[in-house]
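For reference, the structure discussed in these notes is given below.
Naming: A, B, ... by sequence-line order, numbering from 1 per chain.
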There are 2 protein chains.
Amino acid sequence: MDWPVMTWGAPHAERADAVRNRLHLLATAREMLAELGADRLTMDALAERSGLGKGTVFRRFGTRAGIFQALLDDGERAFQEQVLSGPPPLGPGAAPLERLIAYGRARVGFLMEHREIARAALDGRQPIPAGSQTPLSQMHIRMLLGQIHLGPANLDILAVQLTAALDGPLLLYLSAADLRHAAPQAEQRLAQSWQDLVQRVCRP
Amino acid sequence: MDWPVMTWGAPHAERADAVRNRLHLLATAREMLAELGADRLTMDALAERSGLGKGTVFRRFGTRAGIFQALLDDGERAFQEQVLSGPPPLGPGAAPLERLIAYGRARVGFLMEHREIARAALDGRQPIPAGSQTPLSQMHIRMLLGQIHLGPANLDILAVQLTAALDGPLLLYLSAADLRHAAPQAEQRLAQSWQDLVQRVCRP
DNA sequence: AGCATAACCGGACTTTACCCCGCTTAGTGG
DNA sequence: CCACTAAGCGGGGTAAAGTCCGGTTATGCT
């Protein structure tokens, strides 16, 4: 799917009605999500409820998972702002290792809060979609790793591995039932374990 | 889905015709997989080609992903045998850390070899299915971690994290195109990075 | 303003995973 | 050998994802 790029004034800019529809669809999707839960949010229903055609829904988001990815991106934007320019230890100003630990804790919280959306955003056929979710997470981890003095190591792959270690448990291995049952404890333990892992990896 | 347990002689054992059909379906699935690729392997086609009803296919495997999980399990069984009783450094006899490194290398190879099936075995709705794939991997890593003297650490979660760091890149983050393009290199780099990661985590 | 064109829209259509339920058959105990 | 029962079987039916294309509308240019 080739998304219309949002370069201003350039040719192929997103048309005004398209923007309107996109925002309206996202709002409607959020409503339905809160009302019905992720797996009862169907494309037909979304189209009907928003008063638009099904074709429009698919052109805007490409795929069902795409909707959840877009929804997640919204949250991610706010989150990234905290990370990039918020107060330490999450934002700049703290030591890189502290930031890395704080980042993991915050991301666990974020994913836990949006776990329904995050799960639904996974698409079996395609790997993690461009412009969404992980790339940002991975890039941030990669950046912080670069600021920590580590011996010889392939920081790019290490960042991928750490991202997987951070997201994987929540996205892949813990069942929804596990989480619903004891979410706060799970969140605490995952954050703590992330800290342990990072400290192990990054010590001299 | 509640699979018939294979406790011998106990009530509810898997019936003979069911076994026949299951094996036949798996064989047919393997054929179609080799011939058409994973995403053209459809349930209807599988049913028709195997000469069985659609209902039978679903009763046997529960879901589309279930077929690929079953297929993967077959390979996994052979793999596990190597791990549990093959020659060192993979099998017993080597130091735990060496075994852990060797295990990662072997698993990367295994997943790379079966990446199409492994991807297709992921089910968006459900977390990693019981009796399949990761639990074995996770358990093995957990066991080896237990044999390495680590400081205070939650070995259970650490095992989950390492499993994610091992499987995640291949299952989630690397696109099929990336892999097709430079599979051997990717395999080498992932194995090397696994070794780096584990050595970092497990040093005193 | 008027025109040309590129996006966009809608909804019918196709494909496919998955469900259901009446019928059949394999196993068992007498 | 026979009945009995639970498991298994088949294939038509449903719902939801994703595609297509003829008609519509926004936008840039003159």
How about CD on A:E48, more than 12 heavy atoms from neighbouring residues, nucleotides or ligands closer than 6.0 Å, or not? no
Report yes if the side chains of A:R22 and A:F61 come closer than 4.5 Å at any heavy-atom pair, otherwise no. yes
For a quick test of reading the model: is some side-chain N or O of A:T56 closer than 4.0 Å to OP1 or OP2 of C:dG10? yes
Roughly how many Å is it from CG in B:L41 to P in C:dT16, rounded to a whole number? 11 Å
B:N21 CG to D:dA7 P, straight-line distance once rounded to whole Å: 17 Å
Quickly work out the A:R22 CZ to C:dA7 P distance and round it to whole Å. 17 Å
What about B:R60, does its side chain sit under 3.5 Å from the base of D:dG8 through a donor-acceptor pair? no
Short side-chain N/O contact from A:T42 to OP1 or OP2 of D:dA17, under 4.0 Å: yes
Taken to the nearest whole Å, CD1/A:I67 to P/D:dG18 is 10 Å
Closest to the A:A18 side chain, choosing from D:dC9, C:dC8, C:dA17: C:dC8
If you compare every side-chain N and O of A:T63 against the phosphate oxygens of D:dA17 (OP1, OP2), does one of them come in below 4.0 Å? no
Do A:L36 and A:L41 touch side chain to side chain, with heavy atoms closer than 4.5 Å? no
Should we say atom CD of B:E81 is surrounded by more than 12 heavy atoms from elsewhere, each under 6.0 Å from it? no
Can you measure A:M43 atom CE to C:dT16 atom C1' for me and round it to whole angstrom units? 16 Å
Rounded off to whole Å, could you give me the CG-to-P distance for the B:D123 and C:dC18 pair? 7 Å
Residue B:R59, side-chain heavy atoms: nucleotide from C:dA26, D:dG10, D:dT27 that is nearest: D:dG10
Counting any heavy atom closer than 4.0 Å, what does A:A47 reach on the DNA or RNA strands: base, sugar-phosphate only, or nothing? nothing
Which sits closer to the 5' end of DNA chain D, A:G55 or A:D44, going by the nucleotide each is nearest to? A:D44
May I have the distance from A:R64 (atom CZ) to C:dT16 (atom C1'), rounded to whole angstrom? 15 Å
Within this structure, what is the CG-to-C1' distance between B:D17 and D:dA7, rounded to whole angstrom? 8 Å
Under-3.5 Å donor-acceptor pair between B:R15 side chain and D:dA7 base: yes
With a 4.5 Å cut-off on side-chain heavy atoms, are B:K54 and B:V57 touching? no
The side chain of B:K54 is closest to which nucleotide in this list: D:dG12, D:dA17, C:dC9? D:dG12
